[in-house]
Amino acid sequence: MGSLISRRTVLIGMGASAASLAACKTPVAREGSTLAFREISLMKTPGEVLPEGYRSRVIIRWGDALFEDVPDFDPATLTPDIAARQFGVNNDFLAFLPLGDDPSRGLLYANHEYPNPHLMWTGLSEHSAAREMTDNQVAVTMASVGGSVVELRKADGAWQPVRDSQYNRRITATTPMRISGPAAGHPRLQTQADPTGTRVLGTLSNCNGGVTPWGTILTCEEGAGEIFGGDWQSAPDHALLKRYYYDDTDNDRWGWTRVAPRFSLENEPNEPNRYEWVVEIDPADPTSTPVKRTALGRFAHEGASTILAPDGRVVVYLGDDWEFEYCYRFVSTHPVRPGGAAANRDLLDEGVLFVAQFEANGQLKWIPLVFGQGPLIPENGFHSQGDVLINTRGAADLVGATPMDSPEGFAPNPVTGTVIIALTSNDDRSDPDPANPRANNRYGHLLELRPPQTVNGRDHAADTFAWEVLALCGDPATPDHATRFHPATSSNGWFTDPDNIGFDPTGRLWICTDGVQPSGHDGLYAMDLEGYGRALPKLFYAPPAGAECCSPTFIDNGATLLLGIQHPGEGAASLDLTPTRWPDFDPTRPPRPSIVAIRQVAGRSVGD
């Protein structure tokens with residue numbers, strides 16, 4: 001299947017729609033911002049909204065075949081075997097890895113976070129789909145999540161998927177995986193199917209992620225409670241299940257226990273402990289076994305962004321995406337070795353996991369989570385490093401970490417070396433603290449961390465950092481929001497609910513929201529982090545109705561922006577009521593999560 005151009009998107013890009021006309025009337029940003037695009041208005045439409053002079057092209061959609069022997073997309077005839085050889089549903093994290101020295105080839109990796117059965121098939125309703133689906137449909141949803149590796153090639157200036165590439169691969173909820181690191185083999189990871197505690201089937205709830213310096217993918221499992229069925233209180237380890245919010249989620253949300261009894265807490269009470277890890281995948285080796293790296297801790301991982309410390313050790317930044325949870329950092333024991341993935345295959349199995357403690361004086365302390373140190377001792381229920389990692393949240397509770405307002409995007413700036421944290425919201429907060437300075441934080445905020453500067457760059461492995469609030473989100477025109485943006489922020493530029501983030505080659509911050517905001521719609525915003533335009537956001541993109549945009553990824557030296565469009569039409573009670581059929585706009589087909597490539601018509605870098 002070649003790349004697709006949405007008719008609706010082309011019209012918007014050419015200024016031939018109401019959305020484009022609205023964008024053209026938006027004032028140009030105040031003098032001083034390096035972002036030269038004409039800011040759009042946040043409009044909820046069936047298609048995309050882009051600035052004047054930009055085009056969006058769909059690269060690949062849910063259901064597009066990865067192999068030549070796969071039939072054309074047809075939800076009515078989907079089977080698990082077919083779905084496991086198609087591009088998955090609800091793509092979130094994206095990564096692009098060049099293939100050798102050829103600038104026209106690369107590997108696209110995409111996470112597939114969760115299914116929306118009521119938007120995949122007719123006749124299902126949002127809140128009762130688990131009961132209404134057939135066993136085949138349940139199995140299809142399990143085959144549609146996880147991840148995809150797809151080779152892309154550039155032809156005539158456009159990136160296109162290569163069907164039947166030797167690199168194409170699907171990772172699903174049933175893909176065999178290895179468990180490694182200090183928790184591997186722990187009794188809490190042992191099940192009837194795997195008495196060794198070292199083998200597991202599948203990866204779940206894959207949200208954001210990262211790329212290692214040796215070219216592998218880190219895909220992050222963000223919670224699993226809603227997948228499991230059964231009475232959590234009947235499990236022997238029910239206190240641990242409660243700490244991981246198995247008492248606060250939809251039970252057996254997609255009916256997986258019907259076809260996979262391992263997801264029943266009565267059948268396999270240890271199965272939940274085998275999820276909520278970071279999984280390493282080698283996209284260049286389709287025969288390789290994905291590995292769950294337990295040294296990086298167990299919690300609702302939003303992402304796993306990496307950077308090198310001056311001494312060559314790898315540092316991984318990790319956020320636990322839940323209200324009153326924590327920010328983490330992993331520092332490897334050994335430096336990265338020459339030789340790529342083969343030379344660094346188990347580098348992430350040895351190192352120290354730290355949790356953040358924010359102090360009022362603007363200092364951040366990284367507290368190690370190491371068995372035998374401080375309160376992490378048998379008297380408090382920790383008998384090994386495996387215990388510390390399986391119950392990372394409980395360990396962080398004891399050492400005095402700072403509870404945060406849903407840490408999501410958490411990434412180092414590749415130009416300045418500072419680290420940005422996006423905290424989505426927490427309207428349950430009643431006692432503000434310096435790092436979470438608003439009670440009833442409905443709108444979220446951004447922090448900037450400053451590792452100490454050395455002659456060899458910033459030391460991301462240092463024990464203490466400086467930190468400051470970059471922005472408090474909300475409407476600057478509403479005093480009760482108590483916002484903190486640049487004073488020149490326009491009525492279209494402010495946002496709420498910052499989610500995952502990315503940086504362009506110049507170090508500007510690009511922010512995807514996931515709220516939904518007071519407008520009822522999410523968008524993609526950009527801002528400078530240095531100079532006059534610091535914390536001066538501008539609205540660049542609005543996805544189709546019901547969708548959020550994910551994982552802004554810049555390629556072609558900044559001339560192309562890859563963006564994941566997740567769950568278009570979400571919020572509708574059924575497929576018949578969906579507000580969009582993007583990107584096909586075919587009334588016989590459902591809306592289809594997709595990857596788009598955005599470029600300027602004039603060929604300049606995105607944002608300039």
Side-chain angles (χ1 to χ4, degrees), residues 35 37 39-40 42-44 48-51 54 56 90-96 109-114 206-210 220 222 301-305 317 319 321 405-411 413 420-425 443-447 470-471 473-474 485 492-504 508-529 535 537-555 560-568 570-571 582 593-598 606-607:
L35 294 156
F37 62 86
E39 192 173 39
I40 68 168
L42 192 59
M43 300 184 67
K44 192 172 184 177
E48 306 165 83
V49 183
L50 287 159
Y54 283 83
S56 174
N90 278 342
N91 38 261
D92 196 309
F93 170 69
L94 304 179
F96 180 86
Y109 175 84
N111 274 347
H112 303 294
E113 187 174 3
Y114 62 89
N206 301 84
C207 192
N208 214 280
C220 294
E222 186 191 25
H301 291 277
E302 171 69 18
S305 299
Y317 287 104
D321 182 16
D405 290 349
S406 301
E408 297 231 20
F410 190 177
N413 185 326
I420 303 298
I421 305 176
L423 298 121
T424 298
S425 67
Y443 305 121
H445 60 293
L446 302 169
L447 300 181
L470 173 64
C473 302
F485 282 123
N492 292 315
W494 64 270
F495 58 87
T496 72
D497 304 281
D499 191 87
N500 55 65
I501 57 177
F503 299 92
D504 65 24
R508 294 178 297 206
L509 180 66
W510 294 72
I511 305 146
C512 296
T513 66
D514 179 19
V516 173
Q517 305 195 87
S519 65
H521 199 47
D522 286 310
L524 173 64
Y525 298 77
M527 65 166 69
D528 293 321
L529 293 178
K538 294 182 64 176
L539 175 57
F540 176 80
Y541 174 88
E548 64 169 306
C549 48
C550 304
S551 198
T553 302
F554 291 84
I555 62 174
T560 301
L561 167 62
L562 300 180
L563 201 59
I565 310 304
Q566 191 180 36
H567 57 70
E570 190 170 81
W582 183 89
S594 305
I595 310 299
V596 299
I598 298 172
V606 174

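Interatomic distance, CE of Met43 versus CG of Leu539, reported as 11.5 Å (0.5 Å rounding). Note that CG of Asn208 and CG of Leu94 are 8.5 Å apart. Values are rounded to the nearest 0.5 Å. Note that SG of Cys473 and NE2 of His445 are 8.5 Å apart. Values are rounded to the nearest 0.5 Å. Distance CG/Leu470 to CE/Met527: 5.5 Å, rounded to 0.5 Å. With rounding to the nearest 0.5 Å, the separation of NZ in Lys44 from CG in Asp522 is 9.5 Å. The CZ atom of Phe96 sits 9.0 Å away from atom OG1 of Thr560, with the distance rounded to the nearest 0.5 Å.
Residues His301 and Asp321 have side chains not in contact (no heavy-atom distance under 4.5 Å, counting atoms from C-beta outward). Under the 4.5 Å side-chain criterion, counting only non-hydrogen atoms from C-beta, Pro568 is not in contact with Pro543. Residues Leu561 and Leu524 are in side-chain contact: their nearest non-hydrogen atoms beyond the backbone lie under 4.5 Å apart. You'll find the side chain of Thr553 stays beyond 4.5 Å of the side chain of Leu563, heavy atoms only. In this structure, the side chains of Asp92 and His567 stay at 4.5 Å or more apart for every pair of heavy atoms. Residues Pro593 and Asn90 are in side-chain contact: their nearest non-hydrogen atoms beyond the backbone lie under 4.5 Å apart. Considering only heavy atoms from C-beta on, Leu423 stays 4.5 Å or farther from Ser406 through its side chain. Between His112 and Asn206 the shortest side-chain heavy-atom distance does not fall below 4.5 Å.
Here the shortest heavy-atom pairing between Glu39 and Pro537 reads OE2-O, 3.8 Å. Minimum heavy-atom separation, His521 to Leu42: O-CD2, 3.3 Å. Of all non-hydrogen atoms in Glu48 and Ser56, the two that sit nearest each other are OE1-OG, 2.8 Å. Closest approach of Val606 and Arg508 over heavy atoms only: O-NH2, 3.5 Å. When all heavy atoms are compared, the tightest approach of Ala597 to Leu562 is CB-CD2, 3.9 Å. Heavy atoms only, all atoms of each residue included: Cys549 and Ile565 are closest at CB-CD1, 4.0 Å.
Put simply, the side chain of Ser305 gets close to the backbone of Phe410: a donor and an acceptor are under 3.5 Å apart. A donor-acceptor contact shorter than 3.5 Å links the side chain of Lys538 to the backbone of Phe37. Proximity of a side-chain donor or acceptor of Asn111 to a complementary backbone N or O of Asn91 within less than 3.5 Å is not detected.
Below 30°, between 30° and 60°, or above 60°: for Tyr54 and Phe540 the angle between ring planes is above 60°, a perpendicular geometry.
When the options Phe503, Phe554, Tyr525, Tyr541 are evaluated for a ring-ring contact (aromatic ring centres under 6.0 Å, His included) with Trp510, the one that passes is Phe554.
Side-chain atoms of Asn500 and Ser551 form no donor-acceptor pair, as typed in the model, at a separation below 3.5 Å.
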Please assess Thr513 against Glu548 for the test side-chain contact (heavy atoms from CB on, under 4.5 Å), listing each intermediate value before the final yes or no.
CA-CA 7 Å; Thr513 66; Glu548 64 169 306; over 6 Å; no
Can you check side-chain contact (heavy atoms from CB on, under 4.5 Å) on Ile420 and Leu509, steps first, answer last?
CA-CA 9 Å; Ile420 303 298; Leu509 180 66; 4.0 Å; yes
